Each structure stands twice: as structure tokens, then as C-alpha cells.
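Here is the structure we will look at.
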Amino acid sequence: FYFARLLRSSINRKGSIKSTMRSEETNNSIMNDAEETSNKSSPVLTAVKLVAAGVFLFSAVSTFSRNATAPLDEPHRRLAQVIVGDSIPTYMGPLMEDLKARKKLMEETPPEEVKYWFEYTGALQKYFYRWSKSRGKADYFEGRDDSGVVSQRFIEEPGGTEEYQEFFSEKDYPKEEASQHARLLENCLSMGSPSRPSMGEGTLWNDWYGKASKDAIDRCRILFTINTVGAGRGSTMLWETSPPPAYAQGAKPWISEQETAATHLERNLQEIDAMCATGQIAARVQILVCEPIPAKWTDWMDSQLINCGGKKSPLTSKTSEKENPYDGGVKVEERPSPIQVVVVASASTADTCHDLKSGFMEKRMQDLILAPPYLGDGNSKNTDPAIKTTHPDLVSSDDHDMYVAMKWSSLVTTRAVYGFLQASADLQAAAASPNAQKMVELEKNADGVTVALSNAPSSPFLVPSFLRVSYVSEENSKVAKWRMHGDFFHPAAWEACKDSFDMTWIPDSLSGSGGVNGICYAHGDASSATRKLEKGEDCGQWWIYMAEEQMPTSPEVYANEVTPSLVRGGSNFIWMLTERQRREIVKQKVCENNKGKNCGQPPQATMPLGDVESFLINYTPNTALGRKHISGRRPGYSREKERELDREKVRERKQLKGQEDIEKALFDYTVYPAALFHKDATVKAARARDAALTKKKDPDAIGPQTVKSSYYDVTITKPREPVSAWCQAAARRGLCTLYSDYFRTSNDHRCQEACGMKKDWTPVQKD
């Protein structure tokens, strides 16, 4: 596997040290002057002068502190974490009510009516598949998507799932829960840029965010870089059409997912605006295009980000549905905008930029975010990764805490950002563990799945990464009914399969409040909280790490070959980095550019098992499934020969004689449902521990012998008890991370397996 050095941040404190010394010199000179004047003047005059001097000193220090832009000397203030223990926080209320309803349902349902387990509860959802002009509405089927994946199709409101929307919109919460509500901001600031923006009165930052918060107005600065190559309406390029009309009257007609990219771009901008509305995120958006685009599109995108500093669309007297308020254009204003359109190609490279197989835009995206010193003329002697050498007019050249690079077809959400930051903090906490060296020694004789992180150069450099999933899309009722069999919708991956990943247990990989703050080991300060363990229990978390590169279909698979993803096994079409991770990657790139030795290997992609659905990103056009992979470029390529042997055996046995369609579906296409991905990962981890803990293996035994998964290792002919199904549903919806204070520090250990925090799973009951 491909590992690189672990993150090692070094904060430059020279600016803040100088400012402190300057303040002390000013203070000493004022006090010396006061002492000299005290010998020549009366006590009253001396007192008046001292008071005046104090006022001037206070004013000077206040002005300096408001306008200072140098790196902060003091770390961000940590909120004291309250150990939940036996108490139940207010945000757990709806989840506890759901458990009661599940128990009641199981108790009141007659046994003869139970065919299979039924943890799929909740309201029915509508799946629209065709627009009827005559009736003025869309046809739909009803079903449930219980995968936990956030999709544009089934979740209409931006902000993630309903739990995430309510959690971040809540303002009146008990003081004891402040650490949980500030988790996103604390994690971001602890791994972001040490340089903070000017926040004093009169600054742009204060004008945008000062009214939203009375106390601290610092926010997590996130740069969203969006690749728009391939965005269009049918065969027409998107920018040659008109934006969706503003203030349109009447019901909004349903638009097919494949008809226009405008609906997907609009939803992503709404999601980014919802992040700014939380009061914890300041977003800037770079739209990457191959050629200049009309101003009406720029103004429309700006109007979608009201909470990020954009301006609402102008009211118009035009009410005709055929007319568009942007057709005449809008006068250019001298106003900062959260949107920046960047033309990344010249006249000579425009055709290459438009080519989806070229990997041109993917490379530009990486260059803009990393901004390594060797870009440009290549003669720069600077090797400091904190200094960006890209053009200062680019928003990406500014200081940011986090970076999100994505294609217009990938759906970004608050949940994805929250999950990425928490997973990054968890990995950083494992590397900072005082037990790291001890763990490395124990790892040599471990079970083969335990990996200890440390600050040593040989330690794995793991970066949380994402995998795209797609729903099956249909434009006719016949196929829609067939795909919707069982009243159940489900997204599936096509770029990975069961052979694409392995499992690992990382000790001490749990972080609490205050940013990177390990709860598996005590710091001894007021902000620390230690996790209560049962006797013999290990503290840590199960992780999925990608053993293969992700393999999309044509044309994106060719783009990946030209421009590989930054993170080994990660996605090239949605990836995130914190500022610390960016600097570490730039160090390696600079070393390679200078032809240095021992530069290390690229970082490795990973996902937390207990929150894996937060890392499954909806491919919004939903046309990926059913596409055939290129021969030799499909998921599971590391076991391609074994797969071909299996296919030959099927042919020899004539098991699929006359059923070529089924044979092609099994061997030429990859449809990997999200629920199966979660199940396979859980079973892989449980089997690894079972093999390590089983001393005397029974060759005739079927299934696990020592430990098992309490949720998956059951017969399907019997219903599961409600608690395990409740925990699994909570994990699928990302609540193990959103409510991490409860699931990590409370005395309620019922959901440890579902949240991926139980190393030895459940003992097998012997007959």
C-alpha cells in the first residue's frame, strides 16, 4: 500500500511574538514617562495623566487586535466537553422516540405477519419519473430510500438529512451541549490555516458576518472549486442557455435529471448557502470554465449564495413565463462576490479543456488548490508550503481552512463536510496519541488488521475520501416499476466493488471537542474527556481503506489515467483537504519536483466504518448505473484473473446457458449497493477479528466461531430485535458522528458495533 508521512504542522509565530514585544515596549515607555512626571507634578495631575495614558494604551491595543492579520499565537479556545454519562442530551430526544416506536411495532406485530426483518420505517417517498404536460404534474411511485445517502432525488431541502438540518438550525440549546454544536468549527480551526482574517469594524468580514454573531465571528473558511466541464442542456453547452428564472410564479415543473445540468448546479449552490446559514462556515466558490461565460450566469450564481455574501436577484416587472429577467443582463457592481469564475484554458487549449478524456480540468483543479511553489516559471526558490505562488487575484490564493474540489455532478452537503472534518480529527488524534510507539510495537504481533498511527515518517498518511453512488434512472413506467421492485430505492456505487477495499482497526482514533483532542487518552485539562471502557476493551475505530484505485466508466476513466487522484484510492471528482493536509501534500510534491530522495508515497484513502454513508456522494444525474466498464479498467482489477477463471467455470458448467444477458450483468457491469458496501465492510472486519481470536479452528464449521456481527450474522427468516436495527439506522444517517458526544462518552454502549467502535464485536454463543 502507498503511504506517506503523517501530517506535521509548524506554525510560524514570528509576527505574533513581535507584536507582543512591541506592546510591552509601549507599555514600559508609558510607565517610565509617568514615573518621571510624578516627581515634577502634583498627585492630582499625575493621576489624570495616568488615566489618560491608560485610555490611549487601551485604544491602541484594541485597534491593533481588531486589525491584526498575522498568524495567531494562541490556539483557538476550546469549549469544555461535558461527559454525557447517564444523561440524555436534548438532541437525542427524537432518536429515543424512534426507538420506542420500533419496540412497540415489534411487540404488537403478530409473528405470522413477519416475513423478514423490517427496520425500514419512516414515511414513504415519491420517485418522479415522467412529466405530464396535459395534467401539469409528474408521475411517480412511492417507496423508501433507507440507505442513509443524501440525494437530490429524495431529500428536497438542502443541509443534509432532516437531523442535520435541525441540528445546525437550532440556536437555543443547553450550555452543556455547546461543545457538540461547535464541533464543526472547532475541528476546522484546529486543522486550518493559523492566519485569521481581519474582523474589526469596517472590514469586509465584519460586514458579512458581524450581524450573524454577537460573540465570535470567526468561521471555517472553505473554498469550493467546481469543475463545470461537460455541463449542458442536452447537446447544448450550459452557458449558452438561460439560467432558471427568478421569482417564477406557479408550481415549478419537474425536470428530468438528464435534461439540464442547471438543476444540479443550483442544488450544489443551495447546499453551500445552507452551510453559510449555519453561522460556522464562510464559503467562497470558484467556478472553473474553459471559456468566458455570460454575466447573467455569474449574477444568477451570486444570487444563490445570499448567506455567503451574495445579492438577491433583482425584482422585475416582467411576468411572462417566456421572458427571463436576466436576458438584458445586470449592471456590474463594485461589490465583492462569493463567486469567482475562472477561465482555466487559453484559445489554444480550449478544445483540450472540453475533452472529458483529457484530464485537463482535473489537473487545473489540483494546481489551484495545492498552489505548489514550482508552478509558473519554475524558478521559485521558495519551498514553504504555506506560501501560495498562484496569481493573487485568484480566491484560491488566499488563506483557507479547508478545500473542496468537485465536479458539478457531485452533490456536496453539510453532512459530508462535517463527516470529513471529524474523520480527519480522529486520525490526527490517533497520530498524536502518547501510546503510539507502544502500539507500533504491539502491531508487529497483531492480527494483521490493526494499524497504529504515529508522528514517525514511516507512519501511514491517511486522508478521508469519498465514493460516488448513483440511483437507477428511468424515463418510462415499465422500467421504473421493475427497478422499484419491493418498494425500496437504493443507490449503488459503480467505481468500486468488494475487492476494492480492506479493513483496519486504528487504536486511539477518536477525537472529542476542541478540535484534535483524543478521548482515548486523558490530557488532564478541563477540555478533556476520556472514553469509559469495559474490561479488556480497546479504544479506537474501524476504518475502510481503499486497496485499489476507483474505476469509473468512460470517459472519466481515461481522465484518471492522465491526472490521477491526489489521494491513492480516492475520487478525482469530489475530494477534500484541510490546510494541514494540503501543506503536507505540497511538501511531497516539492520534493518530487526537486528530484529529492525519500519523498514518501501519496496519502491513502480511508473512510470510517461507523459513518461510511456520509462519504458516499450522490452522482446527481443518476445515469452511471448500467454503463459497461472498459476491459481491464473495472473495479476488482487486482483479482481480474480470478474473475475470468470464475467466468470460465460458469461457462463450462453451463449454469447460464442461453442467458447471456445475466452473464454480462454479473461479469461486465458493476452495481454495488450502498447497503452491501456497509455489510461487506462490517463482515470483513468481524471475520478478521474472528480469525485472530479463534485458537482452535473447526474446519467443518460454517460462519464465525468466536466473534460475530450482531446485526449481519443472523438468519434472514427471523426479524431482528429493534435495538440493533435502530442503531444501524442511526449509523446510516450519520448520527454516530453528528451526536458523537453521546455515542462516544455516554454509558449507553448499545450502538458501539454500529458506530464502528467495538474491536472484538459480539461473542458467539456456544450451544
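Numbers here are sequence positions counted from 1. Keep in mind it's a predicted model, so treat the numbers as computed, not measured.
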task = Can you see which heavy atom on Ala345 is nearest to which on Phe360, and at what distance?
result = CB-CE2, 4.0 Å

query = Mind checking what makes ring-ring contact (aromatic ring centres under 6.0 Å, His included) contact with Phe501, not counting sequence neighbours?
reply = Phe677

query = Between Ser410 and Arg468, is any pair of side-chain heavy atoms under 4.5 Å apart?
reply = yes

query = Ser433 side chain to Ala430 main-chain N or O, any donor-acceptor pair under 3.5 Å?
reply = no

request  = Could you tell me which residues satisfy side-chain hydrogen bond (donor to acceptor under 3.5 Å, both in side chains) with Ser358, sequence neighbours excluded, listed by chain and number?
outcome  = none

inquiry  = Please give me the minimum heavy-atom distance between Lys357 and Pro555, naming the atom from each residue.
reply    = CG-CB, 3.4 Å

key: Matching residue for Gln280 among Thr414, Val417, Leu185, Leu189 - test: side-chain contact (heavy atoms from CB on, under 4.5 Å)   = Leu185

message = Which residues pass the side-chain hydrogen bond (donor to acceptor under 3.5 Å, both in side chains) test with His354, not counting sequence neighbours?
response = Glu291

ask   = Which is it for Glu271 and Arg267 under the salt bridge (charged side-chain N to carboxylate O under 4.0 Å, His left out) test, yes or no, and what are the steps along the way?
value = CA-CA 6 Å; Glu271 291 285 352; Arg267 177 57 183 266; 3.0 Å; yes

ask   = Is the backbone N or O of His181 less than 3.5 Å from a side-chain atom of Glu186, with the two atoms forming a donor-acceptor pair by type?
value = no

inquiry  = Can you tell me how far apart OG (Ser470) and CG (Leu616) are? Round to the nearest 0.5 Å.
reply    = 12.5 Å

message = Can you list everything that forms a ring-ring contact (aromatic ring centres under 6.0 Å, His included) with Trp205? Sequence neighbours excluded, please.
response = Tyr209

task = I would like to know whether Met365 and Thr225 meet side-chain contact (heavy atoms from CB on, under 4.5 Å); could you show each step before the answer?
result = CA-CA 7 Å; Met365 219 164 27; Thr225 302; 3.6 Å; yes

query = Under 6.0 Å from the CG atom of Asp351, do we count more than 12 heavy atoms belonging to anything else shown?
reply = no

ask   = Any luck finding a side-chain donor-acceptor pair between Gln286 and Ser396 under 3.5 Å?
value = yes

ask   = Taking only residues two or more places apart in sequence, or in another chain, which ones meet Asp611 in a side-chain hydrogen bond (donor to acceptor under 3.5 Å, both in side chains)?
value = Ser614, Thr737

task = Give a yes or no answer on whether the side chain of Thr606 reaches the backbone of Val463 with a donor-acceptor pair at less than 3.5 Å.
result = no

query = Between atom CD of Gln340 and atom CZ of Phe224, what is the distance when rounded to the nearest 0.5 Å?
reply = 15.5 Å

query = Residues in side-chain hydrogen bond (donor to acceptor under 3.5 Å, both in side chains) with Tyr403, at least two apart?
reply = Lys388, Glu579

ask   = Does the side-chain contact (heavy atoms from CB on, under 4.5 Å) test come out yes or no for Arg582 and Leu370, once each step is laid out?
value = CA-CA 6 Å; Arg582 184 196 72 84; Leu370 293 182; 3.9 Å; yes

task = Apply side-chain contact (heavy atoms from CB on, under 4.5 Å) to the pair Trp297 and Val341, showing each step before the final yes or no.
result = CA-CA 10 Å; Trp297 275 102; Val341 178; over 6 Å; no

ask   = Any idea which heavy atoms bring Phe420 and Met402 closest together, and the distance?
value = CD2-CE, 3.4 Å

task = For Phe168, enumerate each residue passing the ring-ring contact (aromatic ring centres under 6.0 Å, His included) test, keeping only those at least two apart in sequence or located in another chain.
result = Tyr418

inquiry  = Could you tell me if the side chain of Trp543 sits less than 4.5 Å from the side chain of Leu427, heavy atoms only?
reply    = yes

ask   = At their closest point, which heavy atom of Glu362 faces which heavy atom of Asn572, and how far apart are they?
value = CG-ND2, 3.9 Å

inquiry  = Would the distance check show the side chain of Thr413 and the main-chain N or O of Gly160 forming a donor-acceptor pair, the cut-off being under 3.5 Å?
reply    = no

inquiry  = If you compare all heavy atoms of Ala605 against all heavy atoms of Gly570, which two are closest, and at what distance to 0.1 Å?
reply    = CB-N, 3.6 Å

ask   = Are the side chains of Met607 and Leu467 in touch, meaning some heavy atoms are under 4.5 Å apart?
value = yes

ask   = Going by atom types only, do Trp575 and Ser565 share a side-chain donor-acceptor pair under 3.5 Å?
value = no

request  = Could you grab the distance from atom CG of Leu738 to atom CZ of Arg415, nearest 0.5 Å is fine?
outcome  = 9.0 Å

query = Less than 4.5 Å apart, any side-chain heavy atom of Val449 and any of Trp542?
reply = yes

Partners passing side chain to side chain contact (heavy atoms under 4.5 Å, CB included) against Cys308 (at least two apart in sequence or in another chain) = Ile272, Asp273, Cys276, Ala283, Leu305, Pro338

query = How far apart are the C-alpha atoms of Gln588 and Glu592, what are their side-chain angles, what is the distance that settles it, and do they pass the side chain to side chain donor-acceptor pair (under 3.5 Å) test?
reply = CA-CA 6 Å; Gln588 184 219 2; Glu592 292 176 350; 2.8 Å; yes

query = In chain order, what residues pass the side chain to side chain contact (heavy atoms under 4.5 Å, CB included) check against Pro385, with sequence neighbours excluded?
reply = Arg583, Val586, Lys587

key: Minimum side-chain heavy-atom gap Pro464-Phe615 below 4.5 Å   = yes

message = Distance alone, cut at 3.5 Å: any donor-acceptor contact between the side chains of Asn560 and Glu556?
response = no

inquiry  = What verdict does the side-chain contact (heavy atoms from CB on, under 4.5 Å) test give for Gln304 and Leu265, after you've listed the backbone C-alpha separation in whole Å, the side-chain angles of each residue and the deciding distance to 0.1 Å?
reply    = CA-CA 10 Å; Gln304 301 298 312; Leu265 182 59; over 6 Å; no

ask   = Within a strict 4.5 Å, meaning less than it, do heavy atoms of the Ile369 and Leu566 side chains meet?
value = no

key: Partners meeting disulfide (SG to SG under 2.5 Å) with Cys353 (sequence neighbours left out)   = Cys290

Asp426 side chain vs Ser511 backbone, donor-acceptor pair below 3.5 Å = yes

inquiry  = For Gly512, is there any backbone N or O sitting under 3.5 Å from a side-chain donor or acceptor partner on Ser740?
reply    = no

Polar side-chain atom of Asn227 near backbone of Phe573 as donor-acceptor pair, under 3.5 Å = no

inquiry  = A side-chain contact here means heavy atoms from C-beta on lying under 4.5 Å apart; do His400 and Ser193 qualify?
reply    = no

request  = Using atom types as modelled and distance alone, determine if a side-chain donor or acceptor of Glu495 lies under 3.5 Å from a backbone N or O of Met551.
outcome  = no

message = Whether the side chain of Gln541 engages the backbone of Ser509 through a donor-acceptor N/O pair (distance < 3.5 Å, no angle test) should be reported.
response = yes

key: Distance, nearest 0.5 Å, that separates CG of Asp401 from SG of Cys220   = 5.0 Å

message = For Tyr619, give me all partners under ring-ring contact (aromatic ring centres under 6.0 Å, His included), at least two apart in sequence or on another chain.
response = Trp494

Heavy-atom side-chain contact between Tyr545 and Asp502 under 4.5 Å = yes

message = Given 3.5 Å as the limit, does a donor-acceptor pair link the side chain of Ser500 with the main chain of Pro635, or not?
response = no

message = The criterion is side chain to side chain contact (heavy atoms under 4.5 Å, CB included); which residues satisfy it with Asp367, sequence neighbours excluded?
response = Lys363, Arg364, Leu375

task = Can you see which heavy atom on Leu510 is nearest to which on Cys539, and at what distance?
result = CD1-SG, 4.0 Å

